[in-house]
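In what follows, chains carry the letters A, B, and so on, assigned in the order in which the sequence lines appear, proteins first and then strands, with residues in each chain numbered from 1.
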Protein chains: 2
Amino acid sequence: MADQQESVLQERGTVRAVERALDVLLCFRTKDELGLTEISKMIGLHKSTVHRLLATLETRGFVRREQTDRYRIGWSILELTSGIYRSGDFSTVVFPEMTALRDRIGETVSLYVRSGFERIRIQAVEGIHAVRRVANIGMRFPLHIGASGKVLLAFCSEPLLDRMEEAGTFPPNFNKAEFERQLEDIRKRGYAVTFEEREAGAAAVAAPIITRQNQVSAALSVSGPIDRFSEANLERFIVACVESANLIGKVFPF
Amino acid sequence: MADQQESVLQERGTVRAVERALDVLLCFRTKDELGLTEISKMIGLHKSTVHRLLATLETRGFVRREQTDRYRIGWSILELTSGIYRSGDFSTVVFPEMTALRDRIGETVSLYVRSGFERIRIQAVEGIHAVRRVANIGMRFPLHIGASGKVLLAFCSEPLLDRMEEAGTFPPNFNKAEFERQLEDIRKRGYAVTFEEREAGAAAVAAPIITRQNQVSAALSVSGPIDRFSEANLERFIVACVESANLIGKVFPF
DNA sequence: CCGGTTGTTTCACAGTATAAAACACTGGTT
DNA sequence: AACCAGTGTTTTATACTGTGAAACAACCGG
């Protein structure tokens, strides 16, 4: 036994059928309505397999369909999200403080956490000038682009930068030495400022959220159109952002 | 083949390992931090199985853990929720209209959909007097209690009431004939009003959201402390709620 | 009426998830 | 200190169960 081929163990102690089902679910972050064959092409599985997985996901409410032939994310997902925010002081402290910061400076306030080589916006309060009302909560962004990404990277305890390089996360023209200098600067100052990095015409200030265990598990950012980030405003934004980040860090549940 | 025992086919064409993994996930709607054995007791599976499922969920970011030994819902869930709201006119029409309604009347506005024998609050805008800032989005409630539940039940195309009775959803003292009279009344009026049904001291008004396909797929409700639901206010609430529900129905994506 | 789509069902086979048991580690109790 | 009752983790043989090819059904536009 334990043949020469080792019988294709995937990684280690993980259930393949479940992985595939989760991959099916993750397809819905790109589009919110998908067909069976569409999904099977996306993840390279045979239709019948995907069909069975979808049927299973449907029994637990993770997937639903109004009209036959079109699948959508189900309501069970919502039930689970509510759990994220319910936890600890999130609703009593974190969200109110973010709102207060927004009211003080008028710009959009966002909260990011790191997940692998990316960051995820887990909460946001739109600026008073914003047109859109619902923030893109849950959206992923690169870790090496944008103020809050750099903060998360700068204050990360592990040598993440090296691992990202190995994994080929960076573009060919990426200057690692220069980037490390930037991170060192951010560590020294205690915050990051970026202009038009992630998005043209936009600027951002970000500060680390330092938990009671002295770990940086999140970043708080203030972002908006570059023309409102004048030198005078910038100073105000930095002070306010760092202050709020410190306050949130005292109760941050993660 | 096809032994007398039929080899315990679960239901039909569904993957057991995946069902179990999803059940593990659903455990997190009760508590937001769980231990391994805690989960294994909740769903009656052996520790090693749950451990493997959790490991699998972790690879895809559906579960995470800060400190060893404590599991939490992962960030992938957030990515999927954002998809729900991104869809169609949700962010451009539904949410703004709910906010406008709240601004007009000051009370909490909620949006519910039916899922099985329950209803789920899929969006909410807190009333101006509310203390809590983050609504319990994703929370489930009974279908036969509360104004929006009754609306969903009254305008449901299938004979849901009978099926719920068969399934034993109702308490022993439930008066079905009387309940059907109430539903008939709601159908006739086009809205529902309840006092202290789901919660003591609270009242609610709810109206059906009728889609372009002439189906009731959701209910819009206005709720608040019973003392603000005086006769004069009630009339205003009803008119405003029905009006907003009609408007939302014109674009409702589900 | 056909070829190109869908989504659904079936079925034999082998691969794979399973649970029991042994293991390692922690924190509290005697 | 030794103990015990909890954790989470790893390993293993066995048989259950997920797999994908192929056949099926239903739809659409040409």
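Considering only side-chain N and O atoms, B/Arg52 lies under 4.0 angstrom from the phosphate OP1 or OP2 of C/dT18. The phosphate of C/dT6 (OP1 or OP2) has a side-chain N or O of A/Lys41 nearer than 4.0 angstrom. Residue B/His51 places at least one side-chain N or O under 4.0 Å from the OP1 or OP2 atom of D/dT9. OP1 or OP2 of C/dA19 has at least one side-chain nitrogen or oxygen of B/Thr49 nearer than 4.0 Å.
Following rounding to the nearest Å, B/Leu53 (CG) and D/dT9 (P) show an atom-to-atom distance of 13 Å. Summarising the geometry, the separation between CG on B/Leu45 and P on D/dG8 is reported as 15 Å, rounded to the nearest angstrom. For the pair B/Arg16 CZ and C/dT18 P, the computed distance is 6 Å after rounding to whole Å. One atom, OH of B/Tyr71, and another, C1' of D/dG8, lie 7 Å apart when rounded to the nearest Å. Counting to the nearest Å, the P atom of C/dT18 and the CG atom of B/Asp23 are 12 Å from each other. In this entry the distance linking CG of B/Leu57 with P of C/dA17 reads 13 Å, nearest Å. Taking atom CG of residue A/Leu54 and atom C1' of nucleotide C/dT9, one finds them 15 Å apart after rounding to whole Å. One atom, CD of B/Glu19, and another, C1' of C/dT18, lie 15 Å apart when rounded to the nearest Å.
Panel note: side chain A/Thr49, backbone A/Leu45; no donor-acceptor pair is recorded below 3.5 Å. Distance alone, capped at 3.5 Å, is enough to place a donor-acceptor pair between the B/Ser76 side chain and the B/Gly61 backbone.
Counting any heavy atom pair closer than 4.0 Å across all strands shown, B/Arg70 reaches no nucleic acid atom. Nucleic acid contact class of A/Arg20 (heavy atoms, under 4.0 Å, all strands): sugar-phosphate only. Among the heavy atoms of the strands lying under 4.0 Å from B/Thr37 are primed sugar atoms or P, OP1, OP2 only; no base atom is included.
We find that A/Arg187 and A/Glu184 are joined by a salt bridge, their nearest charged nitrogen and carboxylate oxygen being less than 4.0 Å apart.
Across the interface with DNA chain C, nearest-nucleotide mapping of A/Leu34 and A/Ala17 shows A/Leu34 to be the residue nearer the 5′ end.
Checked by atom type, the side-chain pair B/Glu97/B/Ser244 shows a donor-acceptor distance below 3.5 Å.
Candidate nucleotides D/dT10, D/dT19, C/dG7 were compared by shortest atom distance to the side chain of B/Ser48, and D/dT10 ranks first. In the set C/dT8, D/dT19, D/dG20, the nucleotide with an atom closest to the side chain of A/Leu36 is C/dT8.
Under 3.5 Å, the side chain of B/Lys47 and the base of D/dG8 form at least one donor-acceptor pair of N or O atoms.
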I'd like to know whether B/Ser110 forms a side chain to side chain donor-acceptor pair (under 3.5 Å) with B/Gln123, so could you lay out the CA-CA distance, the side-chain angles of the two residues, the decisive distance to 0.1 Å, and finally the verdict. CA-CA 6 Å; B/Ser110 307; B/Gln123 187 59 281; over 6 Å; no
